[in-house]
2 protein chains.
Amino acid sequence: MSNTKVLPLIEPESDAVAPCCPPLTERPFTAEEAETAARMFKALGDPVRLRLFSAVASHEDGEACVCDISDVGVSQPTVSHHLKKLREAGLLTSERRGTWVYYRVEPSVLAAMGKLLTMAPPST
Amino acid sequence: MSNTKVLPLIEPESDAVAPCCPPLTERPFTAEEAETAARMFKALGDPVRLRLFSAVASHEDGEACVCDISDVGVSQPTVSHHLKKLREAGLLTSERRGTWVYYRVEPSVLAAMGKLLTMAPPST
DNA sequence: GCAAGCCATCGACGAATGTCGAAACAAAGG
DNA sequence: CCTTTGTTTCGACATTCGTCGATGGCTTGC
């Protein structure tokens, strides 16, 4: 058990994070842009996921143990399922430290989604 | 049944528009807040709807005829279905003028959703 | 090693969703 | 009127989604 490796923890899912699209108001989205952006919106389009995400985002140091945020009215497997969805959408990352697993928000994603929703400045 | 109440004319859909929630990062969302906010994110969580919304939002004067934005790769009834969903979520409004129906973005909603995604300012 | 606690995965189920073609509705023009 | 054109509604279908209980994998502590 010489499992001394420390950080092969970068998720393959993190490519969903990247800057994807201009503001929604700038020009009509292409099919590809829409596909990418919709994946992120969809991830936040469920009440339970939104509560979980908000719980992590507002928690101390921007990270939270699963055990701290599991009280959202659904079973434990369901919580785990939703956290996985949020991970796959690139909104959260997870890391195991000893007994517990900690989730953390990917800050660049919030910024990217925020920009999508900005109004275009009055063009001339 | 002297129902003299004055304003039953408000669309049932328009309540989804209102200021609903603090930034996601401020504190954990309540179940109610999550329900409201998730409805809006869900509406944008489909690629076709996102393209339609973007097409309207980026169109001249912020409004567009259905016939101008129907080229998103699905049948016309499906376009109509998605536009209805966006209306019900409070993101778009529609108005018939003669032969054509025009859709228009509800600007306050973009602002509200944008605020949800803002990072909390460093506390103290 | 073994029991206990935390978290993820599996398999199954009903409900919701996206899609279409056909049909209905509405306005405009002959 | 009747036809044409633009848009919505209806009915049906396959797929996806949210949920659960049961099970499995890790890590810690005895």
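Order of the sequence lines fixes the chain letters, A, B, ..., with proteins taken first and strands second; residue numbering starts at 1 for each chain.
Side-chain contact check for A/Leu92 versus A/Phe53: some heavy-atom pair is nearer than 4.5 Å.
When the nucleotides C/dC7, C/dC6, D/dT8 are ranked by their closest atom to the side chain of B/Val66, D/dT8 comes out on top. Distance from the side chain of B/Trp100 is smallest for D/dT7 among the nucleotides D/dT7, D/dT19, C/dC7.
In this model, the phosphate group of C/dA16 is not approached by any side-chain N or O of B/Lys42 to a distance below 4.0 Å at OP1 or OP2.
A salt bridge links A/Glu33 with A/Arg27; the closest basic N to acidic carboxylate O contact falls under 4.0 Å.
Counting to the nearest Å, the P atom of C/dA16 and the CD atom of B/Glu88 are 14 Å from each other. Rounded to an integer number of Å, the gap from CD of B/Glu95 to C1' of D/dG6 is 16 Å. Straight-line distance from the CZ atom of A/Arg51 to the P atom of D/dT19: 12 Å, rounded to whole Å. When rounded to the nearest whole Å, the span between CZ of A/Arg97 and C1' of C/dC7 equals 15 Å. B/Arg96 has its CZ atom 9 Å from the C1' atom of D/dT8, to the nearest Å. In this entry the distance linking CG of A/Asp46 with C1' of C/dA15 reads 13 Å, nearest Å. A straight line from CG of B/Asp71 to P of D/dT7 spans 14 Å, rounded to a whole angstrom. When the P atom of D/dT7 is taken as reference, atom CZ of B/Arg87 falls 13 Å away, rounded to whole Å.
Evaluated for a salt bridge (charged side-chain N to carboxylate O under 4.0 Å, His left out) with B/Arg104, the options B/Glu63, B/Glu60, B/Glu95 yield exactly one hit, B/Glu63. Exactly one of B/Met40, B/Lys115, B/Met113 qualifies for a side chain to side chain contact (heavy atoms under 4.5 Å, CB included) with B/Cys20. That residue is B/Met40.
No donor-acceptor pair under 3.5 Å is formed between the side chain of B/Thr118 and the backbone N or O of B/Gly114. Using a distance-only test at 3.5 Å, with no hydrogens or angles considered, a donor-acceptor pair links the side chain of A/Arg96 to the main chain of A/Gly98.
The residue B/Tyr103 sits close only to the backbone: its heavy atoms come under 4.0 Å of sugar-phosphate atoms, none of a base. Within the 4.0 angstrom heavy-atom criterion, only backbone atoms of the sugar-phosphate kind lie near A/Arg49; the bases stay farther away.
The environment of CD in B/Glu32 is sparse: at most 12 heavy-atom neighbours from other residues, nucleotides or ligands sit within 6.0 Å.
A heavy-atom distance below 4.0 Å to DNA chain D is reached by these residues of residues 74-85 of chain B, ordered by number: B/Gln76, B/Pro77, B/Ser80, B/Lys84.
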